[in-house]
Amino acid sequence: MSDKKHLTFNQQCYELLKQIPEGKVSTYKALANALGTKAYQAVGNAMNKNPNPYVVPCHRVVQTNGELGGFAYGPKEKIALLKKEGVHIEDNKVVDFKIHFFDGFQP
DNA sequence: CGGTTGACCAAGT
DNA sequence: GACTTGGCCAACC
């Protein structure tokens, strides 16, 4: 058990993403901040290489300004998934973004 | 091991 | 208020 594997920055991002409950969204900055770094872009970069987009709720991550940001499968797919979760999207931006914002990452 | 890339962010013009 | 520039950090070639 004490065998701690060196998870790459990307893997740590995935683990953190899994902590996001349904119907909530977070930002790249919040994730990087939770990891103790300022590599916002590195977080987004990790999502691009996301090997398991259906294991990790990468679609629950948006930009700090409330925009969707991007999605490897197309922004339309991201909107559809979020809408299913209860998060409505309008003009490529999250509706009531602050309300759906989740920053309670557990260590 | 240097340079490029990237689903970003903040400030400046 | 929209566009441009610089900066930050990890992964990839």
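Just so we're on the same page: letters track the sequence lines, and every chain starts at 1.
In this structure, CG of A/L82 is placed 13 Å from C1' of B/dA7, rounded to the nearest angstrom. Atoms CG (A/L68) and P (B/dC8) sit 11 Å apart, rounded to a whole Å. Here the C1' atom of nucleotide C/dG1 and the NZ atom of A/K93 are 13 Å apart, to the nearest Å. Straight-line distance from the CD1 atom of A/I79 to the P atom of B/dA7: 17 Å, rounded to whole Å. Distance A/E67 CD to B/dA10 P: 13 Å, rounded to the nearest Å. A/N65 has its CG atom 13 Å from the P atom of C/dC3, to the nearest Å. Atom-to-atom, CG of A/N52 to P of B/dA7 comes out at 18 Å; the value is rounded to the nearest Å.
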Donor-acceptor contacts under 3.5 Å from residues 64-72 of chain A side chains, at least two apart:
residue	atom	partner	partner atom	Å
A/N65	OD1	A/Q63	NE2	3.3
A/N65	OD1	A/E67	N	3.3
A/N65	ND2	A/E67	OE2	3.2

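Without hydrogens or angle criteria, A/K24 side chain to A/R60 main chain gives no donor-acceptor distance under 3.5 Å. Looking at A/Q106, its side chain never comes within 3.5 Å of a backbone N or O of A/Q19 through a donor-acceptor pair. In this structure a side-chain-to-backbone donor-acceptor pair under 3.5 Å is missing from A/N52 to A/Y54.
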With the sugar-phosphate defined as primed atoms, P, OP1 and OP2, and the base as all remaining atoms, what B/S/- string results for nucleotides 7-13 of chain C, 5' to 3', for protein heavy atoms under 4.0 Å?
--BBSS-

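Within 6.0 Å of NZ on A/K93 lie more than 12 heavy atoms contributed by other residues, nucleotides or ligands.
A/E90 pairs by the side-chain contact (heavy atoms from CB on, under 4.5 Å) definition with A/V95, not counting sequence neighbours.
A/Q63 has a side-chain polar atom (N or O) that falls below the 4.0 Å cut-off from OP1 or OP2 of B/dC9.
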